[in-house]
**Student:** 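Could you have a look at this structure, given as structure tokens, before my questions?
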Amino acid sequence: MHDANPLLDFTDLPRYDEIRPEHVTPAIDTLLAEARAAVKEAETVAPISWASFMQPQDDAMEKLNRAWKQVAHLQAVVNTPELREAYNANLPKLAQFGTEVAQNLALFAQYKRLAETSEFAAASTARKRVVEHALRDFRLGGAELPEAQKQRFAEIQERLSTLAAKFQQNLLDATDAFAHFVTDEAELAGLPDEARAMARAAAEAAGKAGWKFSLQMPSYLPVLQYAQHRALRETMYHAYATRAAEFGPAEWDNTALIDEMLALREESALMLGFTNYAEYSLATKMAETPAQVTDFLRDLAQRGKPFANKDRAELEAYAREHLGLAELAAWDLAYASEKLKEARYAFSAQEVKQYFTADKVLAGLFGVIEDLYGLRAVADTAPVWHPDVRVYRLKDKGGRLVGQFYLDLYAREGKQGGAWMDDCRNRRALAGGTQTPAVLLTCNFGRGVDGKPATLYHQEVITLFHEMGHGLHQLLTEVDELGVAGINGVEWDAVELPSQFMENFCWEWSRVAAMSAHVETGEPLPRALFDRMLAARNYQSGMATVRQLEFALFDMLLHSAFDRSRDSVLGLIERVRAEVAVNVPPAYNRFPHGFAHVFGGGYAAGYYSYKWAEVLSADAYAAFEEAPERVAEVGERFRHEVLAVGGSRPALESFKAFRGRAPQIDALLRHSGMLG
């Protein structure tokens, strides 16, 4: 049946091209009613079994989640005032329902009964894990709170979801609203031709003369990296560093949102008996305590800071002697770094970019997937939300469909910045066969200009591989239970393992040669140029390391050792910088106001997971380095022991099953050039 409301059609992939704002509320109301009915039925069903208790709930919840994910995705990638209004109107309903379920004592009791049955005792590891997670989540969701506190806890969860959405929307609006027009071509000195062409096209589209620059990455980064005109770099940096703060329109200021979120997170954690929000956050992660995390981060900082200080000193000396910069300001860092790299290694990021056309990079990425896992990516057709979007099918050697994925590669107005993966449909065992997974891969690269194909910086190639790693974690699951299929149920601080693991293949010569073709000549990247890239791989890795540690430590301390009555968010990040940073930004920098991972996403008291998982990913890739002649064999083992099992067992067990031992930090330090 082809439902009139596309959000209520679950027969195939979403009908993204047909979804309109007016579809949202009727669909969500219908699916919420069905989900509530399923929960009501589950509260008293007897005798209790997986089929009578779990499956009806999964049926209803999956439909609700799939429909809402479609709405949330469109709100993130083709944002309009009408769609945002519909999204914001329904977001509290979803939060309220989530809390209702989490606090439902009758349902909690039923899960406990299920866990005591003989069926459960004989159940698969995956099913046991689903029930164990559910019991844990009831406690974390306030099910055991006194009745008087449950309502307040529910109000907090609903408000937090609204605040996170508003944070992201403010950031998007502040980013999209900024435009800087240049009419004097002399100010464009140093900018690559394609950056100029993009700015010229943007100005023409706006009906203005000259060149238009925005805060979207394909416009912003080339200015910071290449513009010789220091005032232009400073103008752009200042605009980016002050987004969604008190310096702009009051309706986009994230200051009060941050303060309220921190207060509500702390209040909810204290209600559940935790000392702080970080303890609550870690209840579902590999790391056990905030102290363990801060010790880990500070240990890395101690190892990395000498290298970072050396990086900074070299950069300052070069900037003084060769660029006439007596003082290295925040808006000079990327520019001076690029100049020093060019001088030291005889290449520029822009030169390398010309060799990575989008289609050739995709072909190279698909080649890696085929070599590692014996799977082929082939072009597919499905309804999409924008003409840029491509769809692919992933097939095994026998031609069987493994899953499908969407690629939305290019930046545009109305699209959130950054890069991410989300699931569109998860794997699940159904009466008629296995439901195959589908995932959404989103990036924000610059599109081609003047009729040329889009080209990617090498760092953007790495980003694409990273997101595909997340996608493969979701696509290659062999678990049939929704709750632990793909990345579901995987500890948050292990989720980055498969994504960071994939990045390493962007540094193998055979892979790079296969995915490169010069945009003008079609020639692959010269080996000599690659060797210079490889020599520069750890260029400023000390500074890059402490920058990540700055963000991670700030996040963890903010949620574990921060007294809101006596301290300020900006005061805390200043102290963190004093401890670990070597590049201290100007006082007007409002980094927290744009820290979407923590205030608009799911990384609160979890940003450390990037570094935590990097230990795992570097060690996992080392298994391939140790057996370069057995890539397919090691790849099959990685697929079987890490990707296929999803969240059906603890991530540490999966790692040990693949590696044969516990993770070690040596590979990360070696890959980062910090063993000396």
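Note that this is a predicted model, so its numbers are computed, not measured. Keep in mind that the numbers below use all heavy atoms, side chains included, and drop hydrogens, waters and symmetry copies. Residues take their numbers from the sequence shown, with the count starting at 1.
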**Student:** Should Leu472 and Tyr373 be marked as a side-chain contact (heavy atoms from CB on, under 4.5 Å) after you check the CA-CA gap, both sets of side-chain angles, and the distance that decides it?
**Tutor:** CA-CA 10 Å; Leu472 291 169; Tyr373 309 121; 4.0 Å; yes

**Student:** Hey, mind stepping through Phe551 and Tyr603 against side-chain contact (heavy atoms from CB on, under 4.5 Å) and telling me if it holds?
**Tutor:** CA-CA 11 Å; Phe551 302 161; Tyr603 282 83; over 6 Å; no

**Student:** State, yes or no, whether a side-chain contact exists between Val439 and Leu475 at a heavy-atom distance under 4.5 Å.
**Tutor:**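 Heavy-atom side-chain distance check passes, below 4.5 Å.
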
**Student:** Quick one: closest heavy-atom pair of Ser348 and Glu342, and the distance?
**Tutor:**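 Smallest heavy-atom distance, with atoms named: CB-OE2, 3.2 Å.
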
**Student:** Check Gln350, Glu351, Lys353 against Pro192 for a side-chain contact (heavy atoms from CB on, under 4.5 Å) and give me the one that passes.
**Tutor:**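 Among Gln350, Glu351, Lys353, the one meeting side-chain contact (heavy atoms from CB on, under 4.5 Å) with Pro192 is Gln350.
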
**Student:** Flag the pair Glu626 and Arg659 as a salt bridge only when some basic side-chain nitrogen lies within less than 4.0 angstrom of an acidic carboxylate oxygen.
**Tutor:**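 Between Arg659 and Glu626 there is a salt bridge, with a charged N closer than 4.0 Å to a carboxylate O.
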
**Student:** Assess the residue pair Thr545 and Arg303 against the criterion (side-chain hydrogen bond (donor to acceptor under 3.5 Å, both in side chains)); give the C-alpha distance rounded to whole Å, side-chain angles, the decisive distance to 0.1 Å, and a yes or no.
**Tutor:** CA-CA 10 Å; Thr545 294; Arg303 296 169 186 264; over 6 Å; no

**Student:** Checking Arg243 against Tyr240: charged group under 6.0 Å from the ring centre and within 45 degrees of the axis?
**Tutor:**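 Ring-cation test returns yes.
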
**Student:** Determine whether Cys424 and Tyr406 make a side-chain contact, defined as any pair of heavy atoms from C-beta on separated by less than 4.5 Å.
**Tutor:**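 Side-chain contact under 4.5 Å: yes.
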
**Student:** List for me each residue that meets side-chain contact (heavy atoms from CB on, under 4.5 Å) alongside Glu327, sequence neighbours excluded, and say none if there are none.
**Tutor:**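 Partners of Glu327 under the side-chain contact (heavy atoms from CB on, under 4.5 Å) test: none.
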
**Student:** Just checking, is any N or O donor in the side chain of Gln540 or Ser337 under 3.5 Å from an acceptor N or O on the other one?
**Tutor:**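 A pair is found: one side chain offers a donor N or O, the other an acceptor, under 3.5 Å apart.
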
**Student:** For a side-chain hydrogen bond (donor to acceptor under 3.5 Å, both in side chains) check, start with the C-alpha distance between His671 and Glu614, then their side-chain angles and the critical distance, and finish with the verdict.
**Tutor:** CA-CA 10 Å; His671 289 167; Glu614 205 175 336; over 6 Å; no

**Student:** Given salt bridge (charged side-chain N to carboxylate O under 4.0 Å, His left out), test Asp371 with Arg511 step by step and report yes or no.
**Tutor:** CA-CA 11 Å; Asp371 289 348; Arg511 308 289 183 190; 2.6 Å; yes

**Student:** Step by step, would you call Asn444 with Gln216 a side-chain contact (heavy atoms from CB on, under 4.5 Å)?
**Tutor:** CA-CA 8 Å; Asn444 271 281; Gln216 291 170 358; over 6 Å; no

**Student:** With no hydrogens and no angle check, just 3.5 Å: does a side-chain donor-acceptor pair link Glu234 and His229?
**Tutor:**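 There is no such pair between these side chains.
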
**Student:** Can you find a side-chain donor-acceptor pair between Trp509 and Asp531 that sits under 3.5 Å?
**Tutor:**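 Side-chain D/A pair, Trp509 to Asp531: absent.
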
**Student:** Name the one of Phe505, Trp507, Phe658 that satisfies ring pair (Phe, Tyr, Trp, His ring centres under 6.0 Å) with Tyr621?
**Tutor:**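 Output: one option passes, namely Phe505.
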
**Student:** Applying side-chain contact (heavy atoms from CB on, under 4.5 Å) to Gln75 and Gln416, what does each step give before you reach the verdict?
**Tutor:** CA-CA 9 Å; Gln75 198 264 159; Gln416 285 178 11; 4.2 Å; yes

**Student:** How far does CZ of Phe213 sit from CG of Leu232, to the nearest 0.5 angstrom?
**Tutor:**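 That separation rounds to 6.0 Å.
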
**Student:** Determine the sole option in Lys69, His473, His470 for which the side chain to side chain donor-acceptor pair (under 3.5 Å) test with Asp423 is passed.
**Tutor:**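 Of Lys69, His473, His470, side chain to side chain donor-acceptor pair (under 3.5 Å) with Asp423 is met by Lys69 alone.
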
**Student:** Are the charged groups of Glu185 and Arg196 less than 4.0 angstrom apart, N to O?
**Tutor:**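 So Glu185 pairs with Arg196 through a salt bridge.
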
**Student:** Once you round to the nearest 0.5 Å, how far does CG of Leu315 lie from CG of Asn583?
**Tutor:**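 Answer rounded to 0.5 Å: 7.5 Å.
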
